[in-house]
Enquirer: 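First the structure, which I've put down as structure tokens, then a few questions once you've had a look.
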2 protein chains.
Amino acid sequence: MRADAERNRARILDTAIAAFAAEGLGVSVQEIARRAGVGTGTVSRHFPTKDALFEAIVASRVGRIVDRVQDLAELPDQQGAFVEFLTILTEEGAANVGIAQAFAGAGYDMDAAAAAVGYDFDAAMAAALHRAQDAHVVRADADVADIKALMVSCMSRGSADQATRARMIDIVARGLRPPESAGG
Amino acid sequence: MRADAERNRARILDTAIAAFAAEGLGVSVQEIARRAGVGTGTVSRHFPTKDALFEAIVASRVGRIVDRVQDLAELPDQQGAFVEFLTILTEEGAANVGIAQAFAGAGYDMDAAAAAVGYDFDAAMAAALHRAQDAHVVRADADVADIKALMVSCMSRGSADQATRARMIDIVARGLRPPESAGG
DNA sequence: GACTATCCGGGATGGCCGTCCCGGTTGTCA
DNA sequence: TGACAACCGGGACGGCCATCCCGGATAGTC
């Protein structure tokens, strides 16, 4: 691979990741080319489809998310661990509009993109949920799709202040508690 | 207005409402024209923009929603009334993909469209929330935007079975309870 | 310093969309 | 029944998009 080709590829990748993170997946390929200072042909040669660019943003974030979620298994306090799990997802979505949109299912398959870069996002979510359920911190009838749907709500308040996001997480976490446990 | 013109207008309106309800706001104007058995020009003459068609779907539903929500003020059991409020929104969204998308903010301003047909959707939501908060059924720090965001989650499970939707409502309703109240 | 495989730029292409317009038709009323 | 205004159909237009392609430039090598 020629040096200039590799340089351009890196510039396009960085530009795409930044654009998708800041403005979402609606940014056009031409706009990314313009911002990267290259032609549209150069983009589509390195990344034949927009999905390939989308994978870039997933790859840049999902690994970190999965790792952080898996680390929570070590914590002794599973109640705190589950809240932290919700917080991680919410804050990642708030910090990255593209991630939030992908999470909400805006035309891209996040699980597939994660799998393409070697991560099983769905399994990580399921594991975190089941840990919380085994510790009787989350009601047994909740499933992964419930969590995903609720996370979309939290992420959608990403542009609001931090207190709002924390409140949303608190609402969701309380709602997911086993019915028999007392509130507070 | 000529009789055939009025006939066509009604056919287009019915077709648009049905299409948006069943498949969402992504259905093209040309497709609506095709299904209504008219030309695209006929559609755009009666409804100059797609927003005008979108207003049709809002008008066909939002009035009923607002009325049902306002009726809840009469109920003596405000805990039950609030759950019913969540249920109304969820079921309406589940039954109408277009409403759910508009609620999620898919490029259309639902409040503006509601206002155009004489309903103040936002005020109705705020009133329902405040009633619940005055009755100490919902935590005082929740705001209308929180409720809207959480409703998007519930509506997004609209294609799932009724038990799933009920579970989502239960999760949200519990999460919104005042922190000091006991669970169960 | 020249040669060639590689890569670049950006216009071309095709698809989908909403909106506009005009030639032909039809409903309405005298 | 005739004539005209209102209306219809669907193609035209312009915009936006992702993707493809080719003439020209350039990096790497001998």
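Convention: sequence-line order gives letters A, B, ...; per-chain numbering from 1. What you are looking at is a predicted structure, and each value in this text was computed from that prediction instead of being measured.
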Enquirer: Pick the nucleotide of DNA chain C nearest each of B:D51 and B:A3; which residue has the one closer to the 5' end?
Expert: B:D51
Enquirer: Nearest-Å distance, CD1 (B:I32) to P (C:dC16)?
Expert: 17 Å
Enquirer: To the nearest angstrom, how far is B:R34 atom CZ from C:dC17 atom P?
Expert: 12 Å
Enquirer: Does the pair B:K148/B:D111 count as a salt bridge with the N-to-O cut at 4.0 Å?
Expert: yes
Enquirer: Assigning hydrophobic clusters by single linkage (Ile, Leu, Val, Met, Phe, Trp, Tyr; side-chain heavy-atom cutoff under 4.5 Å), is B:V152 placed with B:I171?
Expert: yes
Enquirer: Considering heavy-atom distances to DNA chain C, does A:T40 or A:E6 have its closest nucleotide positioned more toward the 5' end?
Expert: A:E6
Enquirer: What does A:G37 touch in the nucleic acid at a heavy-atom separation under 4.0 angstrom: a base, only the sugar-phosphate, or nothing?
Expert: sugar-phosphate
Enquirer: Among D:dC8, C:dC20, D:dA18, which nucleotide has an atom closest to any side-chain atom of A:K50?
Expert: D:dA18
Enquirer: Quick one: is C:dG9 close enough that its OP1 or OP2 comes under 4.0 Å of any side-chain N or O from A:T42?
Expert: yes
Enquirer: Around atom CD of A:E23, are there more than 12 heavy atoms of other residues, nucleotides or ligands at under 6.0 Å?
Expert: yes
Enquirer: Quick one: which of D:dT19, D:dC8, C:dG9 gets closest to the side chain of A:Q30?
Expert: D:dT19
Enquirer: D:dT26 C1' sits how many Å from A:D4 CG, rounded?
Expert: 7 Å
Enquirer: Report the nucleotide, chosen from D:dT19, C:dC17, C:dC20, that has the shortest atom-to-atom distance to any side-chain atom of B:S28.
Expert: C:dC17
Enquirer: Taking CE from B:M1 and P from C:dC29, how many angstroms apart are they, rounded to a whole number?
Expert: 15 Å
Enquirer: Rounded to whole angstroms, how far apart are NE2 on B:H46 and C1' on D:dC7?
Expert: 8 Å
Enquirer: As a test of understanding, state which of B:Y108, B:F20, B:F47 forms a ring pair (Phe, Tyr, Trp, His ring centres under 6.0 Å) with B:F54.
Expert: B:Y108
Enquirer: Within less than 4.0 Å of OP1 or OP2 of C:dC7, is there a side-chain N or O belonging to A:N8?
Expert: no
Enquirer: Choose from D:dA5, D:dA27, C:dG18 the nucleotide whose nearest atom is closest to any side-chain atom of B:R2.
Expert: D:dA5
Enquirer: Rounded to whole Å, how long is the line connecting atom CG of B:L53 with atom C1' of C:dC17?
Expert: 14 Å
Enquirer: Nearest of D:dA18, C:dC8, D:dT19 to any side-chain atom of A:T49?
Expert: D:dT19
Enquirer: Going by an N to O cut-off under 4.0 Å, is there a salt bridge joining B:R34 and B:E31?
Expert: yes
Enquirer: Check the distance between C:dT6's P and A:R9's CZ and give it to me in whole angstrom.
Expert: 18 Å
Enquirer: Measure from CZ on A:R45 to P on D:dG23 and round the result to the nearest Å.
Expert: 15 Å
Enquirer: Hey, which of these two, B:S44 or A:G26, hits DNA chain D nearer its 5' end, going by closest nucleotide?
Expert: B:S44
